[in-house]
Amino acid sequence: MLKNIFSLFAFLLVLPVLGFQTKPDPKPVDKVYPLLDAANSRWFYFSAATRPFGMVNLSPDHVIDGAWNSGYRYNEDTVKGFSHIHAWQMSGVSVMPVSYTKDPEALLSDYYSTYARDKESIKPGYHKVFLDRYSITAELTATHRVGLHKYSFPAGKKQAVLFHLGGVLGPSKMQDGSLKQVSPYILEGEVTNSPTSRRPNTLTVHFRVEFDQPIEKWIESNQSPHKIVAFAESSGKPLHMKVALSYTKPENATLNMAEELPHWDFDSVVKETEDVWNELLGRIEIEGNTESQQRRFYTDLWKSLQGRRTISDVNGAYPDNTGNTFKIGQLPLDSKGKPLFKQYNSDSFWGAQWTISVLWALVYPEIAEEFANSMLQYYKDGGLIPRGPSGGNYTYVMTGASSTPFFVGLYQKGIHGFDIGLAYEGLLKNHLSGGMMSRSGYEHKSTKGGNVEDYISMGYVPYPNPRGRFGGHEQGAGQTLEYSYQDWTLAQLALALGKKEDATNFLARSSNYKNLYDEQTGWIRPKDVNGNWFSPFDPYDYAKGYVEANGAQFTWFVPHDIAGLATLMGGKEKAAARLNEQFEQAEKLGFTSGTSHSLETHPEYRRIPINYGNQPSMQTAYIFNYLDRPDLTQYWSRKVLAAAFSGLSPESGFNGDEDQGLMGSLAVLMKLGLFQMNAGTEENPIYELGSPIFDKATIHLNPDYYSGKSITIKTQNNGPENYYISRKTFNGTPIKGIGIRHGDLTKGGLLKLQMSSKAK
């Protein structure tokens, strides 16, 4: 049974869901800085008019050709439309308000407009922009599945809206676009996302449009796929437009609009959306440090709650593209006929073990539980638990069985509102031949790139792949380390479920990483199919046997057995010294490979020994906790935060691969001083302590999942140079070791940390 899943997002219309108290002034939403890193934006990155995980993510687009360096780009000066979908490998329903006095047909091929930066206003759930060419003020907001537009046109000109129905839009080409008029006020249409190299099947977006003024004219041409609907001259009254989406059929787009937005009150929708964000952001209250750091914290938290999008309708219908033909699936319903959870689109859970897996389970367990049920729905439909589904498609993005730690961590933390038997069945399948470990990145039509068969029989994944090339990321050493960790997490679940034989098998497999440790060089090093070391070997060369990383970074990817890795290196002291040296070198480059993911192949940046701009290095500062040097965890985690996760400008923010909340949630956890090396997948998992940056942080716990009311983290004598914890207590009792167990922490209470400028 689901555990009162709130339907997370009963928060569509009724708030607050839990009655959590948030500070009235200023509200958390007021501290969010939406323009963070917007100069380096990719299609799904920027957010404006949207609710958490909303089907609609409505914002202006400056660049519309490609998944990377596209969408809203701060340094661009031209708006090319307002798209409703900015998601992982998905786009659609782009519109543009235009005004004219004559020759409207010319607008079908020439409708872009510069905009006035000083007249732009953005906050979570709202975006306003002034289009210079047309003298139109456009305001945007949204419910979960419906975009609401408010256009103020200049006097003396015709009001009109253009619909982009063909051509490239972000990650995919729009095909088979259509639009028809149902009444003087209503349109229905659809556009189909053509397949991409990452999403193998088409995806059709159905949409319903309603206006509060009657349509007077229809403008189209055989030379253009776009269409324009025109209205009377502006009388000073704004034109409002509602656009509801569905990935299943037109009737469900109509239903989504009827359920979520039956009225035209623009301001009330803005307020409701703000309340939704405030409820979730307000689950963590912070005090102290600078205003800039507080703003960055809530921006990080905001980022952790978006990117992954809803694809199911209000009635629980959803697109199922897991098979050879498209189907409309149906989610299970409660006694009132409402869906028990939502179906989601999602980039990979690769790296999620140190980020959203930990943050969601502690602060938003109902969200985590919904995602678990969504992934199990994919298993019921297509026979595999996904690692990154897009539009109902399996995409086989990245490598390994990255969803395993997510499920195991939830179960070990008492979040049991999903079918654990079914989950174990699916996870086990992913770790065997034919499952997710058999496929490398975007390997849609074969199961030979993941090479789990050699991993099982030989104890490692050979590099290069002796079978040939079948997908991306066929990097044997990196795959071996991932599989070893993921095997260990599955063994923990097997133990918890009393499956001793499976546990023994996967625990043995989890030691496979040792087969690639080269004593001569002191690094994890690729081997070929004959057992020969990869040569010539350079531990600082990028993607030569390592997934989106180099050997110096990936050698430390043993989150389940740091002690075992240290033994191979000659002991904890030698391991700590080596890792410390890597941090000292990485500090010279700000701990990241440049300011964007695309710079990782740069001749200098690719050789950085620690990279906090991508997932493989996210855990490294906390490794010192397991090498008996918690002081170095405290020191380097603060240094990383200052260099990589403290900026507050359009030009910087996450310095790399912000995969739908992963970097934002990592920054939140590090700033709270909480971390989980293995994603909390052991029995009664531990939260390791780092170095909190705030004087006080209060986490309000969900009472449907945890017995405690709140967790307060209070620091004394904190400051920019006071990295170190000299004394630590929880509810007055001194803490022994590196952290606090989940069962104790979630009972609530006060974590008190005395900070110092000197290591203890």
Side-chain angles (χ1 to χ4, degrees), residues 58-62 64-65 78-85 91-115 129-140 146-170 173-192 205-235 237-245 250 253 257:
L58 178 57
S59 60
D61 293 322
H62 303 135
I64 59 174
D65 51 347
T78 300
V79 172
K80 299 179 179 179
F82 303 137
S83 293
H84 290 76
I85 300 170
S91 55
V93 195
S94 176
V95 302
M96 184 73 164
V98 296
S99 62
Y100 67 92
T101 54
K102 61 181 180 179
D103 193 22
E105 290 78 11
L107 294 172
L108 288 167
S109 59
D110 176 19
Y111 60 89
Y112 300 164
S113 173
T114 57
Y115 70 105
V129 62
F130 182 79
L131 302 176
D132 296 327
R133 177 178 176 180
Y134 305 111
S135 297
I136 296 171
T137 297
E139 297 177 79
L140 313 171
V146 186
L148 179 58
H149 305 239
K150 178 181 178 182
Y151 300 142
S152 298
F153 286 83
K157 290 190 175 183
K158 288 282 189 177
Q159 307 171 104
V161 178
L162 179 144
F163 289 81
H164 176 114
L165 298 173
V168 174
L169 185 63
K173 184 178 181 180
M174 299 293 103
Q175 63 185 43
D176 302 326
S178 67
L179 190 68
K180 66 179 181 180
Q181 187 168 344
V182 177
S183 79
Y185 296 89
I186 299 173
L187 303 173
E188 284 186 355
E190 64 180 45
V191 289
T192 296
V205 184
H206 305 277
F207 58 96
R208 181 179 178 89
V209 183
E210 293 189 11
F211 298 98
D212 66 346
Q213 297 180 31
I215 298 169
E216 287 195 350
K217 187 176 181 180
W218 192 271
I219 303 162
E220 55 189 325
S221 167
N222 292 333
Q223 308 303 313
S224 172
H226 310 322
K227 298 181 187 297
I228 297 174
V229 291
F231 305 83
E233 283 189 7
S234 174
S235 62
K237 178 183 177 182
L239 172 70
H240 290 82
M241 176 176 71
K242 297 188 285 190
V243 180
L245 307 181
M257 184 182 291

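- Contact detail for Ser83 and Ser94: the closest heavy-atom pair is OG-CB, 3.5 Å.
- With a 4.5 Å cut-off on side-chain heavy atoms, Ser99 and Ile136 count as touching.
- The two residues Leu108 and Ser224 come nearest to each other via the heavy atoms O-OG, 3.5 Å.
- The CG atom of Leu131 sits 13.5 Å away from atom OH of Tyr112, with the distance rounded to the nearest 0.5 Å.
- Closest heavy-atom contact between His84 and Val93: ND1-O, 2.7 Å.
- Under the 3.5 Å distance criterion, the side-chain polar atoms of Gln159 are matched with a main-chain donor or acceptor of Ala232.
- Within the 4.5 Å cutoff, side-chain heavy atoms of Val243 are placed close to those of His149.
- A salt bridge links Lys227 with Glu220: at least one charged nitrogen is closer than 4.0 Å to a carboxylate oxygen.
- Centroid-to-centroid, the aromatic rings of His226 and Tyr111 come within less than 6.0 Å.
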Evaluate side-chain contact (heavy atoms from CB on, under 4.5 Å) for His206 paired with Leu245, printing each intermediate quantity in order. CA-CA 6 Å; His206 305 277; Leu245 307 181; over 6 Å; no
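- Nearest heavy atom pair, residue Ser234 against residue Pro154, reads CB-O, 3.3 Å.
- Using a 4.5 Å heavy-atom threshold, the side chains of Val79 and Thr114 count as separate.
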Begin with the C-alpha distance, continue with both residues' side-chain angles, and end with the deciding distance and a verdict on side-chain contact (heavy atoms from CB on, under 4.5 Å) for His164 and Leu169. CA-CA 9 Å; His164 176 114; Leu169 185 63; 4.3 Å; yes
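- The closest side-chain heavy-atom distance from Leu58 to Phe82 is below 4.5 Å.
- Ion pair Asp110/Arg133 flagged as a salt bridge, since at least one NZ, NE, NH1 or NH2 atom sits closer than 4.0 Å to an Asp/Glu carboxylate oxygen.
- At a threshold of 4.5 Å between non-hydrogen side-chain atoms, the residues Ser221 and Glu105 do not count as touching.
- Rounding to the nearest 0.5 Å places CZ of Phe153 at 13.5 Å from NZ of Lys237.
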Going through the checks in order, is the side-chain contact (heavy atoms from CB on, under 4.5 Å) test met by Leu107 and Ile228? CA-CA 9 Å; Leu107 294 172; Ile228 297 174; 3.8 Å; yes
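- Heavy-atom minimum distance, Gly92 versus Val191: CA-CG2, 4.4 Å.
- When side chains are defined from C-beta on, Met257 counts as touching Lys242, because their heavy atoms get closer than 4.5 Å.
- Distance check: Lys173 NZ to Ser91 OG gives 12.5 Å after rounding to the nearest 0.5 Å.
- Between Thr78 and His62 the shortest side-chain heavy-atom distance does not fall below 4.5 Å.
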Walk me through whether Asp132 and Ser113 qualify under side-chain hydrogen bond (donor to acceptor under 3.5 Å, both in side chains). CA-CA 6 Å; Asp132 296 327; Ser113 173; 5.8 Å; no
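- Between Tyr151 and Tyr134 there is no side-chain heavy-atom pair separated by less than 4.5 Å.
- The two residues Ala253 and Ala244 come nearest to each other via the heavy atoms O-CB, 3.3 Å.
- How far CE of Met96 is from NZ of Lys80: 10.5 Å, rounded to the nearest 0.5 Å.
- Residues Asp176 and Thr192 bring no donor and acceptor atom of their side chains to less than 3.5 Å of each other.
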Would you sort out whether Phe211 and Leu239 count as a side-chain contact (heavy atoms from CB on, under 4.5 Å), showing the intermediate values? CA-CA 7 Å; Phe211 298 98; Leu239 172 70; 4.3 Å; yes
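- Rounding to the nearest 0.5 angstrom, the gap separating the CD atom in Gln213 from the CZ atom in Phe231 is 7.0 Å.
- Between atom CG of residue Leu187 and atom CG of residue Leu179 there is a gap of 5.0 Å, rounded to the nearest 0.5 Å.
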